[in-house]
Amino acid sequence: VLLCQCSCYVAEDQQFQWLEKVFGSMQKKGLQVTILSTCPVADYKTQESTLTLVSPFLKALKTKEFQEPVCCPLLEQPNIVRDLPAAVLSYCQVWQIPAVLYQCYTDVIKLDTVTIEAFKPLLSSKVLKSLAKDASESTKILKKFLTTSETHNNIYI
Amino acid sequence: MFIPCDRGGDSAAPDFKGFTLLMPAVSVGNVGQLAIDLVISTLDMTKVGYFYTDCLVPMVGNNPYATAEENSTELSINAEVYSLPSKKLVVLQIRSPFIKNKYRPFCETLLSWVKSSKCARVVLLSSSHAYQRDDEQLLGTPLRYLLTPDLEKAVGGCMKELNWKEMEKVAAYPGISDTDKVLHIPGGGITKLLFTESCSEGIQMAVLLKFCSEGDNIPDAFVLVNYLNEWLQLIKSEVNPSSQWKIPSSWRLLFGNGLPPALF
């Protein structure tokens, strides 16, 4: 299992090159890709107002070759996904690589346990099951990670 | 470049020899793209491939032409190719803006594909800023056409019969009387570049465009697609041709979500 963490902004005119660099050196046979991303819930298009939606929530998009069950509902039209997650999924669709994108719609800007916990259903998926040691401990572990950064979120310091 | 959807030993690559390629320019009001959506949706065209390129901003979403639960989960990307062999029609739909400085590379890739796939002709649906019209253009029809010399020979007479108006050339330096006249399509995106390149490469291309402004461009899309239909006769144009076009499911919520009840 290869984990690729992209913590910087990749401009639209560099996304193609980013893809070629990352996927160029990988064997495509037997490859399966999982993309995790977040975006503001205000971008979610729905008949109701987004204020009445319970967020964070997870939505998925998958390529034609991806046959396994997804851990959440699929993203309905007219919603779309942009930027690097879209570039990766497009690449996988065109080159027939099984891939799934999990997009978390959240109403907070900073990292918090609630948003990360929205991804919890993924820990029981076929791909990630082997990675997670003990999913029941996840809440405790998450709290430990985030208390260290929370003090920086206080605007009065 | 064009990548077919079905790539297996037994399935042959789609053959577009002699077909008409219909495509939009990403232009003011996205009118060309909306018109193409109407064509694909109404004619229930089949997706046959992707136009994979680094010239367009990436985007993905589920099937924008879904009619039922079963066909709503097919992934779509930013540039896809649809075909209707019974009408010898192949359609390229573009769903996102061009990346800076990528107009020319895209034109080159596209025209190279047109030549290699032996398409008979290209029809480009586009639009231009309504506010840039001169006094004469403000009167009469907001629709215009352009033909490359090679297509002019073939269908020039047809346009005259339809009583269509050719896009006027404007003075290169407005205000100065005896100056060269040039083609000027403000807000037309790649239209002018693609047209001039097609002229010099001997490609049969027609441009159909409408003067419009940004806003609710659905009516503009209907006008443009009916204009196209006058010539190509894609659907039967009876008393009210607009009612024959099928609006795709992805056109929902174009102007935002529902309102929060707390607002009132």
Side-chain angles (χ1 to χ4, degrees), chain A residues 10-21 35 37 39 41-53 59-67 69-70 73-101 103 105, chain B residues 1-8 37 41 47 49-69 71-81 95-102 105 247-264:
Chain A
V10 180
E12 59 192 25
D13 60 344
Q14 293 175 329
Q15 283 160 10
F16 201 81
Q17 287 75 21
W18 189 98
L19 277 173
E20 296 295 317
K21 265 261 156 42
I35 309 155
S37 171
C39 82
V41 73
D43 285 350
Y44 185 69
K45 287 197 171 47
T46 174
Q47 200 65 44
E48 343 152 356
S49 156
T50 47
L51 286 179
T52 52
L53 281 176
K59 290 283 177 183
L61 278 177
K62 59 189 175 81
T63 63
K64 198 169 173 186
E65 304 292 317
F66 189 83
Q67 303 294 341
V70 290
L74 290 179
L75 186 63
E76 327 73 9
Q77 274 285 347
N79 290 289
I80 57 166
V81 172
R82 294 172 236 260
D83 299 324
L84 196 59
V88 178
L89 205 63
S90 300
Y91 182 94
C92 294
Q93 173 76 351
V94 172
W95 301 116
Q96 298 177 326
I97 300 169
V100 63
L101 159 67
Q103 177 105 304
Y105 287 88
Chain B
M1 54 177 175
F2 174 68
I3 315 280
C5 281
D6 290 315
R7 272 127 52 211
D37 261 353
S41 172
K47 180 157 65 173
Y50 311 99
F51 201 80
Y52 192 58
T53 170
D54 63 342
C55 301
L56 296 166
V57 171
M59 56 99 2
V60 287
N62 273 330
N63 184 10
Y65 311 112
T67 47
E69 190 74 41
N71 61 16
S72 64
T73 58
E74 200 186 307
L75 196 69
S76 273
I77 67 166
N78 57 6
E80 297 185 317
V81 180
R95 301 194 172 99
S96 61
F98 281 91
I99 291 174
K100 204 171 166 184
N101 300 327
K102 291 291 191 177
I247 292 183
S249 49
S250 56
W251 281 21
R252 288 173 55 237
L253 304 172
L254 274 175
F255 300 102
N257 293 348
L259 296 169
L263 198 63
F264 307 104

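Reckoned from all heavy atoms, side chains included, excluding hydrogens, waters and symmetry mates. Numbered from 1 within each chain, the chains take letters A, B, ... in sequence-line order. The shown structure was predicted, so the numbers you read here are calculated from the model rather than taken from an experiment.
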Who among B:Asn62, B:Val60, B:Asp54, B:Leu56 has the most heavy-atom pairs with chain A under 4.5 Å? B:Val60

Give, as side chain, backbone, both or neither, the part of A:Glu48 having an atom under 4.5 angstrom from any heavy atom of chain B. backbone

Identify which part of A:Lys45 has an atom lying under 4.5 Å from any heavy atom of chain B, answering side chain, backbone, both or neither. both

Mind checking whether B:Tyr52 and A:Phe16 have parallel, tilted or perpendicular rings, split at 30° and 60°? tilted

So, the part of B:Asn63 with a heavy atom under 4.5 Å from chain A: the answer is backbone

SB check B:Arg95 B:Glu80 (cutoff 4.0 Å): yes

Measure distances from A:Tyr91 to the heavy atoms of chain B and classify the residue's part below 4.5 Å as side chain, backbone, both or neither. both

Side chain / backbone / both / neither for B:Leu253 at chain A, heavy atoms under 4.5 Å: both

Tell me, for A:Leu84 versus chain B, whether the close heavy atoms (under 4.5 Å) come from the side chain, the backbone, both or neither. neither

Does any heavy atom of chain A fall under 4.5 Å from the side chain of B:Thr53, the backbone, both, or neither of them? backbone

Which one, A:Ile80, A:Leu89, A:Thr46, A:Asp13, leads in non-hydrogen pairs under 4.5 Å with chain B? A:Thr46

Residue pair B:Tyr65 / B:Asp37, side-chain donor-acceptor N/O under 3.5 Å: yes

Please name the pair of heavy atoms, one in B:Pro58 and one in B:Asn78, separated by the smallest distance, quoted to 0.1 Å. CA-ND2, 3.5 Å

Is there a donor-acceptor contact under 3.5 Å from the side chain of B:Ser250 to the main chain of A:Gln77? no

